[in-house]
Amino acid sequence: LLLFVATLAAAFTLTHPNAMAAGPKSASVDLEAYSTVSYVDNTIGDDVHGEGTRRSPWASIVHALEHSGYATAKKRVAILVSQGRFEEPTFALRPHVDLYGGFKVPGGVRDVYEYPTVLDGKGSHRILFGADHTRLDGFRLIAGRVRGKGAAILCDGVSPIIANCVFKDNRTLIPQPWAPRLLHETANDGGAIMVLNGAKPVIEQNYFYDNATECGRGGAIAIDLRASPRINRNVFANNIAGLHDPTRSSDAGAVSFFDWAGG
């Protein structure tokens, strides 16, 4: 009977139209909430002659972040990014500037699965730094690599909203040199996301798979130093901590809480 009830509950969660199912969603964006809306498309966009409009979008996210104007709590900015693969240098989000991916064309139909907007670390660098009062929504963050903490996103004392994203094949590399004398010395935590120093980000409706640390806690997400994120309705699959840990066991394949962390 208990097995039947559990199976029925799981089926309801996956199929019922009113259920709060986990994983990314393709919600529409309320553009009325923004004073400025900019557009990015790396197929038809142009960072030199473009204007950041639907008809004349920019080509890169970094350029859009730098040229979308002054943003405040009362004058928020939205950047809508079309499908495509973006191989950009590590960048930082901006306060009061929200990024949305998954659009077929500038300002067109949005489906984060069918029209993926990919942020590609190319196996060579961290993808981005978080910021306060900002939202990252509807992106695929892949192949982030860093010999440090948080290969896809580092939230060091800052608290963005990270929603409806897919994190795949992000990895923190083992410290060099690595010869700890203490059993629980901290290594390079957070294969996909690292949250630390009192940060309180919202991490919801994301899918984490095949992320890892070579040596460090939290194959997908690591929380440390009194940070307290809200982690809600995410899916975790095949995330691994400590792939090449020669000294001691790296904790938590999916999510690690450490050193007075809460959430």
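No experiment lies behind these values; they were computed from the predicted model shown.
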Say whether, by atom type as modelled, one donor and one acceptor occur between the side chain of [X] and the main chain of [Y] under 3.5 angstrom.
X: Gln83; Y: Val105; result: no
X: Thr172; Y: Gly190; result: no
X: Arg54; Y: Pro106; result: yes

Which heavy-atom pair separates [X] from [Y] by the least distance, and what is that distance?
X: Trp178; Y: Pro175; answer: CB-O, 3.1 Å
X: Gly191; Y: Thr213; answer: N-CG2, 3.6 Å
X: Asp224; Y: Asp189; answer: OD2-OD2, 4.2 Å
X: Cys155; Y: Ile153; answer: SG-CG2, 3.8 Å
X: Val29; Y: Tyr34; answer: CG1-CE1, 4.3 Å
X: Asn197; Y: Ala227; answer: N-CB, 4.5 Å

Got a second to check how far [X]'s [atom1] is from [Y]'s [atom2], nearest 0.5 Å?
X: Leu99; Y: Arg94; atom1: CG; atom2: CZ; value: 10.0 Å
X: Arg226; Y: Trp260; atom1: CZ; atom2: CH2; value: 6.0 Å
X: Cys165; Y: Leu136; atom1: SG; atom2: CG; value: 4.5 Å
X: Leu80; Y: Leu31; atom1: CG; atom2: CG; value: 6.0 Å
X: Ile174; Y: His244; atom1: CD1; atom2: NE2; value: 8.5 Å

Is the shortest side-chain N to carboxylate O distance from [X] to [Y] below 4.0 Å?
X: Arg76; Y: Asp98; result: yes
X: Asp169; Y: Arg145; result: yes
X: Asp137; Y: Arg110; result: yes

Between [X] and [Y], is there shared hydrophobic-cluster membership here, with clusters defined by ILVMFWY side-chain heavy atoms closer than 4.5 Å?
X: Ile127; Y: Met194; result: no
X: Leu65; Y: Val77; result: yes
X: Ile203; Y: Val166; result: no

Decide yes or no for [X] and [Y]: does some side-chain heavy atom of the first lie under 4.5 Å from some side-chain heavy atom of the second?
X: Ile223; Y: Val255; result: yes
X: Leu93; Y: Leu128; result: yes
X: Arg135; Y: Tyr100; result: yes
X: Pro201; Y: Ile161; result: no
X: Glu204; Y: Arg230; result: yes
X: Pro95; Y: Thr134; result: no
X: Leu119; Y: Phe91; result: yes
X: Asn234; Y: Tyr207; result: no

Report yes or no: do [X] and [Y] form a side-chain donor-acceptor pair below 3.5 Å?
X: Asp41; Y: Ser82; result: yes
X: Ser68; Y: Ser38; result: yes
X: Asp47; Y: Ser60; result: yes

* Flag yes if more than 12 heavy atoms outside Glu32 fall under 6.0 Å of its CD atom; otherwise flag no. =>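 Counting neighbours around CD of Glu32, 12 or fewer heavy atoms of other residues, nucleotides or ligands fall under 6.0 Å, so no.
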* Asp251, Asp259, Asp245 screened by salt bridge (charged side-chain N to carboxylate O under 4.0 Å, His left out) with Arg217, the one that passes ->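 When salt bridge (charged side-chain N to carboxylate O under 4.0 Å, His left out) is applied between Arg217 and each of Asp251, Asp259, Asp245, only Asp251 qualifies.
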* All salt bridge (charged side-chain N to carboxylate O under 4.0 Å, His left out) counterparts of Arg85, not counting sequence neighbours ->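 Result, salt bridge (charged side-chain N to carboxylate O under 4.0 Å, His left out) vs Arg85: Asp120.
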* To do: Could you tell me how the ring of Phe167 sits relative to the ring of Phe208: parallel (under 30°), tilted (30 to 60°) or perpendicular (over 60°)?
  =>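 Aromatic pair Phe167/Phe208 classed parallel.
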* What class does the angle between the rings of His133 and His96 fall in, given that below 30° is parallel, 30 to 60° is tilted and above 60° is perpendicular? ->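 Rings of His133 and His96: parallel, as their planes differ by under 30°.
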* Run the side chain to side chain contact (heavy atoms under 4.5 Å, CB included) check on Thr36 and Lys75 step by step: do they pass? -> CA-CA 8 Å; Thr36 302; Lys75 294 184 177 181; over 6 Å; no
* Between Asp210 and Ile240, is a side chain to side chain contact (heavy atoms under 4.5 Å, CB included) present by the stated rule, with each step listed? -> CA-CA 7 Å; Asp210 287 351; Ile240 302 172; over 6 Å; no
